[in-house]
There are 2 protein chains.
Amino acid sequence: LSTTARRRSWWGWGYEDAALPDHEVDDLGQWLATQFPGAQLSRTDPPSPDSLDLPQPRLAPPDSLAPIVSTEVADRARHASGCSFRDVVRALAGRVEHPPDLVVRPRDDREVSAVLEWCADVEAAVVPFGGGTSVVGGVEPDVGPHFRGAVSLDLQHLDGVLEVDELSQAARIQAGALGPTLEEQLGAHGLTLRHFPQSFECSTLGGWIATRAGGHFATGPTHIDDLVEAIRLVAPAGVLETRRLPGSGAGPSPDRLLLGSEGALGVVTEAWVRVRPRPTWRAGGAAHFVSFSDGVAAVRALSQSGLQPANCRLLDATEAIVNGVSDAVTLIVGFESADHPLDAWATRAVEVVRDHRGAPVGEWTGEASRAGASSSWRGSFLRAPYLRDALVRLGMVTETFETAVTWDRYDSLAGAVEAAVRAAMVDAGMEGGLLTCRFTHVYPDGPAPYFTVIAPAHRGGELDQWAQVKAAASEAILDHGGTITHHHAVGRDHRSWYDRQRPRLFGKALARVKATLDPAGICNPGVLMDPLPRPRV
Amino acid sequence: LSTTARRRSWWGWGYEDAALPDHEVDDLGQWLATQFPGAQLSRTDPPSPDSLDLPQPRLAPPDSLAPIVSTEVADRARHASGCSFRDVVRALAGRVEHPPDLVVRPRDDREVSAVLEWCADVEAAVVPFGGGTSVVGGVEPDVGPHFRGAVSLDLQHLDGVLEVDELSQAARIQAGALGPTLEEQLGAHGLTLRHFPQSFECSTLGGWIATRAGGHFATGPTHIDDLVEAIRLVAPAGVLETRRLPGSGAGPSPDRLLLGSEGALGVVTEAWVRVRPRPTWRAGGAAHFVSFSDGVAAVRALSQSGLQPANCRLLDATEAIVNGVSDAVTLIVGFESADHPLDAWATRAVEVVRDHRGAPVGEWTGEASRAGASSSWRGSFLRAPYLRDALVRLGMVTETFETAVTWDRYDSLAGAVEAAVRAAMVDAGMEGGLLTCRFTHVYPDGPAPYFTVIAPAHRGGELDQWAQVKAAASEAILDHGGTITHHHAVGRDHRSWYDRQRPRLFGKALARVKATLDPAGICNPGVLMDPLPRPRV
């Protein structure tokens with residue numbers, strides 16, 4: 001699990017050594033040519049960071065901060081954006097549009113405070129940076145004209161599990177800890193956080209908290225929110241540390257105001273989170289459905305059954321094919337426990353599946369149920385972003401969007417999204433492309449559908465093509481009762497739709513909260529809300 | 001379940017016709033005399049409302065509001081406080097310290113807005129009033145000297161289930177609906193909210209939301225928070241209505257800012273809540289333990305097992321005796337489902353109990369498990385506040401306090417609370433009284449202990465005696481890592497401890513939120529935070 005020695009890609013997903021090698025990209029291109037005849041599929045190679053022509057840093061750090069400051073070009077380029085399709089396209093083209101002037105890597109909270117203080121003094125914006133896997137423009141220092149510079153505040157040195165309370169099954173963990181890093185440290189105690197977003201390998205606890213990340217559990221504690229016991233935030237106005245409590249009714253929850261704050265209220269530096277023993281019992285399996293709507297009905301019944309499967313993902317047939325799972329509508333259900341065998345749970349789930357015309361694949365109980373579709377799908381799931389990079393290099397538009405909606409509105413939302421996206425794909429010259437759907441999380445009152453678009457692009461026009469599709473999808477989502485994001489966050493990319501979704505008075509209140517914690521408005525300006533009014537510099 | 005024809009007690013808990021009749025109070029007094037020799041146990045009778053000498057209303061409503069305004073003495077007296085021990089003692093003594101000038105009963109949101117607007121105009125405070133069962137001074141119009149009057153805004157006419165979405169298992173319900181009222185309307189659809197705080201009979205959905213009430217479920221969705229899908233708040237600055245969503249990651253949750261806002265940000269007038277089919281399967285039972293600490297260890301294991309029992313209450317031996325359940329440390333565990341039989345769940349729970357030296361009582365599975373300790377305890381639970389009133393009439397100090405704390409700190413908190421309360425009881429002349437404890441809710445990371453004090457009082461000195469004990473308990477709770485309230489809310493009574501518990505910067509932020517939604521600071525001034533600075537009138 002050691003990740004420290006590996007180099008992060010400056011232009012694409014994850015680690016350099018995990019990217020598809022050129023020859024595999026070429027093989028993929030040859031296969032794609034059979035699927036999309038006429039597509040322009042030549043391979044783009046990422047430019048060397050040395051070739052990037054970044055502007056000189058506009059900020060000169062004080063001597064006291066010098067030991068933690070980097071102005072290396074590759075470092076600044078890596079911190080210039082997240083990992084969305086748009087980010088990769090721009091990086092491949094050598095377009096580094098908003099590099100931070102400096103990257104700083106504080107080693108403790110005191111240094112975080114010192115950076116914030118200095119930035120306020122010199123009127124620089126500060127963009128907290130965890131794993132940098134944002135797909136919504138959340139870490140791009142696109143801070144507008146009102147600052148004398150921008151600093152990317154990288155938390156990678158704050159990566160320790162500081163305390164483990166085995167009795168309460170909780171741990172105090174620094175915000176910069178990557179998924180594998182914190183799991184390794186918890187593993188020494190036989191414990192696990194079990195928060196496995198697709199970005200798990202490259203994202204951090206602080207990032208998960210700042211973005212309300214969706215994790216491993218498809219039901220129950222779906223968001224990191226439910227795993228958080230207390231948060232420590234270092235803000236320009238001071239430190240906000242909440243009390244560790246298993247539950248409370250003392251006024252509105254301070255933790256819930258910080259969850260989803262996306263760095264706009266300050267820097268999450270550590271948190272107490274709820275952990276658990278590693279599961280020793282598992283049950284479940286896959287099932288096929290003739291129609292997606294039968295699968296939807298089965299998932300709804302499961303979500304309302306109280307069985308609370310850890311995994312409960314429904315893939316439409318195209319999604320199943322793309323992921324190499326099957327060629328039919330596929331439901332993957334998994335139960336896990338460190339306490340008890342799960343035969344009764346899985347047996348009832350099979351009944352629910354059959355009640356909705358589903359065909360279970362193999363045995364859902366006993367030893368056989370431990371392997372199978374679930375694990376093969378999981379490998380594909382974690383590998384997908386690397387494959388995405390290869391597709392982008394080959395000139396494909398490939399991106400995802402996601403939402404959540406109540407069951408009563410699901411059919412109309414899904415229909416509207418599909419119609420709008422297909423029409424936009426035609427308008428954008430992407431006819432013949434794929435649109436797939438899966439449910440990543442399900443609640444008793446509705447699913448979280450996750451859509452993927454894959455289509456050949458017009459070289460040089462990719463960003464406009466995708467923007468057209470994304471706008472159509474977002475409009476349909478908003479108009480049909482969905483949320484603009486279930487777990488990808490708002491960032492800068494979702495702002496206009498988020499602003500419509502967010503109750504007007506809540507937006508005003510949030511701006512006042514920001515003004516309290518971040519009076520100079522230097523923290524990640526542009527995410528969640530407009531920068532505070534300040535003189536143009 | 002019809003409650004509309006019944007008269008609420010103006011001085012004590014619940015409905016007049018459910019109070020213990022005088023002869024039963026006398027019987028109780030004779031029994032108490034055997035338990036507390038030397039106690040002054042003569043019966044106090046509540047004064048007639050006609051005998052109350054309330055000041056004349058200082059406010060004259062405009063004609064447009066006249067149809068919804070009441071200035072009846074009994075009405076104003078009933079709205080002058082909640083239902084804590086302190087409230088009952090004062091009412092029995094004819095001390096109505098903070099009667100509202102007017103009681104208004106709006107019939108729709110437009111009238112709620114009109115009341116807020118008029119109050120802002122005439123510089124009157126507005127105290128939202130649901131069921132009036134606050135035990136923390138949450139509805140007492142003790143608004144300080146900065147207002148020209150105070151209005152109690154009673155939501156009783158907003159009591160309908162407006163929409164039922166059976167597919168999503170959700171319902172839109174008005175905030176003034178009492179527990180039995182909304183359950184009756186949901187029952188017509190075969191659905192239930194299953195939120196049963198001890199105040200269920202007399203409290204409202206809006207009150208539950210405003211106070212983050214703790215409900216039926218001992219694990220999982222313990223607070224109303226988890227059952228809320230969307231909220232509509234009518235504030236002086238306008239209407240804040242959140243989007244109905246099963247889950248979202250779009251910025252900090254607006255619902256979570258309103259949950260626990262205690263009327264200080266405006267008036268919750270309706271909400272979408274998650275409902276479910278009535279359970280048809282049940283399993284579970286009771287178990288006895290030789291020591292409370294064995295019971296605690298068993299509950300901890302159950303809370304961390306993932307079995308998620310609906311009920312999981314641990315009573316110490318005194319609590320079990322007082323509730324007529326048994327004379328031993330008693331654990332009550334209940335599973336319920338509308339989907340599947342629960343033998344596997346209950347069978348595993350019995351193993352956990354035995355692993356911790358517990359002795360299950362009878363069968364936990366099959367038909368036999370449906371009755372027994374659980375239902376007898378439940379009857380006693382809902383009846384307890386009426387019994388409390390009888391004890392107060394007989395001159396007893398009887399009150400409860402509650403908290404939640406992580407497991408690692410539970411032993412030290414419990415020890416400190418017991419020592420502090422016992423010492424304070426001696427200092428206050430309450431030696432020989434009872435101190436009992438039960439767990440009302442349990443989480444994987446800690447329990448919510450609930451304490452009850454019962455002791456003979458010095459007539460006329462009851463409030464000082466209780467204040468002394470309460471202060472000692474609260475200090476011990478704060479000092480040992482607990483929350484000042486797990487589900488009773490903050491109100492006015494918990495303010496000083498809440499102010500210490502609340503992160504300073506969160507307090508500042510919350511004040512700014514209030515200033516946004518309630519610019520004139522008229523909404524329930526004094527709960528959660530100090531009234532906004534305004535000229536003395």
Side-chain angles (χ1 to χ4, degrees), chain A residues 165 167-170 212 222-223 229 237-238 240-254 256-257 259-261 274 304-306 337 339-340 344 348 404 406-408 441 443-446 448 483-487 489-490 498 501-503 505-506 508-509 512-513 516-517 528, chain B residues 165 167-170 212 222-223 229 237-238 240-254 256-257 259-261 274 304-306 337 339-340 344 348 404 406-408 441 443-446 448 483-487 489-490 498 501-503 505-506 508-509 512-513 516-517 528:
Chain A
D165 170 1
L167 203 66
S168 312
Q169 298 189 349
R212 299 179 69 191
T222 54
H223 283 94
E229 199 179 64
L240 196 172
E241 188 166 5
T242 66
R243 183 169 276 229
R244 248 193 99 188
L245 291 170
S248 182
S253 163
R256 298 280 182 166
L257 189 63
L259 281 153
S261 58
R274 300 180 176 116
Q304 296 175 343
S305 70
S337 171
D339 182 76
H340 47 262
R348 174 59 192 148
T406 49
W407 290 112
D408 62 319
H441 304 81
Y443 303 87
D445 48 342
T483 173
I484 192 59
T485 176
H486 172 264
H487 62 263
V490 175
Y498 170 66
Q501 173 177 337
R502 181 177 60 194
L505 281 174
F506 182 69
K508 282 186 73 171
R512 301 290 289 272
V513 170
T516 309
L517 298 179
L528 289 184
Chain B
D165 171 1
L167 203 65
S168 311
Q169 300 190 346
R212 300 179 69 192
T222 54
H223 283 96
E229 201 179 64
L240 195 171
E241 188 166 4
T242 66
R243 184 169 275 231
R244 248 193 99 189
L245 291 169
S248 182
S253 163
R256 298 280 181 167
L257 189 62
L259 281 153
S261 57
R274 301 181 175 115
Q304 296 174 344
S305 69
S337 172
D339 182 74
H340 47 263
R348 174 59 192 148
T406 49
W407 290 112
D408 63 318
H441 303 81
Y443 303 87
D445 49 341
T483 172
I484 192 59
T485 176
H486 172 265
H487 62 265
V490 176
Y498 170 65
Q501 173 177 337
R502 181 175 62 193
L505 281 173
F506 181 70
K508 281 186 73 172
R512 301 290 290 271
V513 171
T516 309
L517 297 179
L528 289 184

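Chain A is the first sequence line, chain B the second, and so forth, proteins listed ahead of strands; every chain is numbered from 1.
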Quiz item: With side chains defined as the heavy atoms from C-beta onward, is the minimum distance between B/Pro246 and A/His486 less than 4.5 Å?
Solution: no
Quiz item: Roughly how far, to the nearest 0.5 Å, is CD of A/Glu241 from CG of B/Leu505?
Solution: 12.0 Å
Exercise. For the residue pair B/Thr483 and A/Arg243, establish whether any side-chain heavy-atom pair is separated by less than 4.5 Å.
Key: no
Self-check item: Flag side-chain contact, heavy atom, 4.5 Å: A/His441 against A/His223
Solution: no
Quiz prompt | A/Leu517, part contacting chain B, at a heavy-atom distance under 4.5 Å | solution = side chain
Quiz item: Between the side chain of B/Arg274 and the main-chain N/O of B/Glu229, is any donor-acceptor distance below 3.5 Å?
Solution: no
Quiz item: Most heavy-atom pairs under 4.5 angstrom with chain A, which of B/Leu257, B/Ile484, B/Asp339?
Solution: B/Asp339
Exercise. Between chain B and each of A/Ala250, A/Ala237, A/Ala448, A/Ser337, count heavy-atom pairs under 4.5 Å; write down the option with the most.
Key: A/Ala250
Quiz item: Using non-hydrogen atoms only, which part of A/Phe506 is less than 4.5 Å away from chain B: side chain, backbone, both, or neither?
Solution: both
Self-check item: A/Gln169 versus chain B, the contacting section by heavy-atom distance below 4.5 Å
Solution: both
Self-check item: Between CG on residue A/Leu259 and CZ on residue A/Arg212, distance to nearest 0.5 Å
Solution: 7.0 Å
Practice problem: Between chain B and each of A/Thr485, A/Val490, A/Asp408, A/Val513, count heavy-atom pairs under 4.5 Å; write down the option with the most. | Solution: A/Asp408
Exercise. Examine whether an atom of A/Leu245 lies under 4.5 Å from a heavy atom of chain B, and if so say whether it belongs to the side chain, the backbone or both; otherwise answer neither.
Key: both
Practice problem: Please list, chain by chain and in numerical order, all residues satisfying side-chain contact (heavy atoms from CB on, under 4.5 Å) with B/Pro444, sequence neighbours excluded. | Solution: B/Gln304
Quiz item: Between A/Gly238, A/Ala170, A/Gly247, which residue shows the highest count of heavy-atom pairs closer than 4.5 Å to chain B?
Solution: A/Gly247
Quiz item: Among A/Ala509, A/Pro254, A/Ala404, A/Ala344, who wins on heavy-atom pairs under 4.5 Å with chain B?
Solution: A/Pro254
Quiz item: Who among B/Gly446, B/Gly260, B/Pro252 has the most heavy-atom pairs with chain A under 4.5 Å?
Solution: B/Pro252
Practice problem: Look at A/Ala489, A/Gly306, A/Ser253, A/Gly249 and state which one has the largest set of heavy-atom pairs under 4.5 Å with chain B. | Solution: A/Gly249
Exercise. Could you tell me whether B/Arg244 and A/Asp445 have a side-chain N and a carboxylate O separated by less than 4.0 Å?
Key: no
Quiz item: Within the distance-only criterion (no hydrogens, no angle test), does the side chain of B/Trp407 pair as donor or acceptor with the backbone N or O of A/Asp165 below 3.5 angstrom?
Solution: no
Self-check item: Residue among B/Thr222, B/Leu167, B/Leu240 with most heavy-atom pairs under 4.5 Å to chain A
Solution: B/Leu167
Exercise. Heavy-atom distances under 4.5 Å only: say whether A/Arg348 touches chain B with side chain, backbone, both or neither.
Key: side chain
